[in-house]
Amino acid sequence: MGRIRVKNKESLYKYYTLFTTMKINLRKEKVVSFLKELTIVTTGVLIALVISNFKENYQVRKYHKASIETINSEVEANYSSLKGVIEKQMQLHDTLVKYIETPILIGEIFGRMGGLKASELSNAGLDLYKRNKIDAIDFKIMSILAEMDYTSNIVDGKLDRLVNFVYLNILDSSKESKLIVSLHIKDVLNSEKHLLKIYKDYIDKNIEIENNKKLLTTSHQKVTPDSASL
């Protein structure tokens, strides 16, 4: 009877061990299966994120490129317009100085010169660029655009003071009033020339370099087929 008990105990231990092993293996299989599913889900999420980020980055780059192109066109237009205006204002100033001691009215001098020329400068590019994604912004360009906008506002303020004074003294022919007008014009010109230099520096450093890159790329594309045929 004692041997039977031992044998039953041994069998029971074997069954218990087998059952325990089965439970452990089952848990392992569940864990492995869970990890596989988790890996699949995680991989799918990562792929989706990569695709989403790629699309987003593509849109950012596309928007950034469009912003830069708008800014470049705007700066070139502002530069050309302001350059012409400065020439006209300098002629007006010289004419005013020429007749400073004559009885000719201030209004008559302005009439002879076709009035006061002022450039309508556009700074929409700065607003467009500021809406860009922060990680795509070139802060050097942003700084230059901000300086353009700031200087442009200074020019507008000085022009307003000039126009207001001329309006109040348009029938005046005194040397003193003409001298004040000439000083106002010189003050406007100083800020306009500074703004013109900012535009010119931007064109030289950014637009000209970009145009040269495009020319090199175009030249390379033209040369490559010929080289290949040789």
task = Show which residues join L105 in its hydrophobic cluster (side-chain heavy-atom contacts under 4.5 Å, direct or indirect), or state none.
result =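 Taking Ile, Leu, Val, Met, Phe, Trp and Tyr as members, L105 shares its hydrophobic cluster with I170, L171.
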ask   = Got a sec, which pairs hit side chain to side chain donor-acceptor pair (under 3.5 Å) with one end in residues 85-95, sequence neighbours left out?
value =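 Those involving residues 85-95 are Q89-E192.
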request  = Kindly state each residue pair satisfying side chain to side chain donor-acceptor pair (under 3.5 Å) with at least one member in residues 97-106, sequence neighbours excluded.
outcome  =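 Residue pairs passing side chain to side chain donor-acceptor pair (under 3.5 Å), neighbours aside: E101-K175.
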Could you list the residues that satisfy side-chain hydrogen bond (donor to acceptor under 3.5 Å, both in side chains) with [X], not counting sequence neighbours?
{"X": "T151", "value": "none"}
{"X": "R161", "value": "none"}
{"X": "D172", "value": "S174, S177"}

remark   = Between the CG atom in L145 and the OH atom in Y202, the distance rounded to the nearest 0.5 Å is 6.0 Å
Contacts of [X] that satisfy salt bridge (Lys or Arg N to Asp or Glu O under 4.0 Å) - sequence neighbours left out:
{"X": "K186", "answer": "none"}
{"X": "K197", "answer": "D201"}
{"X": "E147", "answer": "none"}

inquiry  = For I154, give me all partners under side-chain contact (heavy atoms from CB on, under 4.5 Å), at least two apart in sequence or on another chain.
reply    =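 For I154 the side-chain contact (heavy atoms from CB on, under 4.5 Å) partners, ignoring immediate neighbours, are Y150, K158, S191.
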query = N153: what forms a side-chain contact (heavy atoms from CB on, under 4.5 Å) with it, not counting sequence neighbours?
reply =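 If we apply the side-chain contact (heavy atoms from CB on, under 4.5 Å) test to N153, skipping adjacent residues, the hits are D149, D156.
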Please report the shortest heavy-atom distance between [X] and [Y], naming the atom on each side.
{"X": "I198", "Y": "I144", "result": "CG2-CG2, 4.1 Å"}
{"X": "L82", "Y": "L196", "result": "CD2-N, 3.8 Å"}
{"X": "E120", "Y": "N78", "result": "O-OD1, 4.4 Å"}
{"X": "I109", "Y": "K178", "result": "CD1-CE, 4.1 Å"}
{"X": "K117", "Y": "V85", "result": "O-CG1, 3.5 Å"}
{"X": "S119", "Y": "S81", "result": "OG-OG, 2.7 Å"}

message = The test is side chain to side chain contact (heavy atoms under 4.5 Å, CB included); show your working for V75 and M148 and say whether it passes.
response = CA-CA 9 Å; V75 170; M148 289 177 185; 3.9 Å; yes
request  = Could you note down all residue pairs passing ring-ring contact (aromatic ring centres under 6.0 Å, His included) where residues 159-199 supplies at least one of them, sequence neighbours left out?
outcome  = F165-H184
Consider only side-chain heavy atoms of I, L, V, M, F, W and Y, link residues closer than 4.5 Å, and tell whether [X] and [Y] are in one cluster.
{"X": "F110", "Y": "I180", "result": "yes"}
{"X": "I106", "Y": "I100", "result": "no"}
{"X": "I104", "Y": "V166", "result": "yes"}
{"X": "V163", "Y": "L92", "result": "yes"}
{"X": "L96", "Y": "L168", "result": "no"}

query = Does a sphere of radius 6.0 Å around CE in M113 hold more than 12 heavy atoms from other residues, nucleotides or ligands, not counting ones at 6.0 Å or beyond?
reply =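 It does: M113 CE has more than 12 such atoms within range.
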task = Assess whether side chain to side chain contact (heavy atoms under 4.5 Å, CB included) is satisfied between L121 and L195, documenting all intermediate values.
result = CA-CA 11 Å; L121 304 176; L195 181 58; 3.3 Å; yes
ask   = Counting only N and O atoms by type, is there a donor-acceptor contact under 3.5 Å from the side chain of S73 to the main-chain atoms of E69?
value =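 Yes: the side chain of S73 pairs with the backbone of E69.
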request  = Mark yes or no for whether S143, through its side chain, and K140, through its backbone, hold a donor-acceptor pair below 3.5 Å.
outcome  =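 Answer holds: no.
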inquiry  = As a quick check of understanding, evaluate side chain to side chain contact (heavy atoms under 4.5 Å, CB included) for K193 and M90, giving each step before the final call.
reply    = CA-CA 11 Å; K193 288 177 180 178; M90 289 177 67; 4.2 Å; yes
request  = Among D187, V188, V181, find the residue that satisfies the side-chain contact (heavy atoms from CB on, under 4.5 Å) test when tested with I185.
outcome  =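 When D187, V188, V181 are each tested with I185, the side-chain contact (heavy atoms from CB on, under 4.5 Å) holds only for V181.
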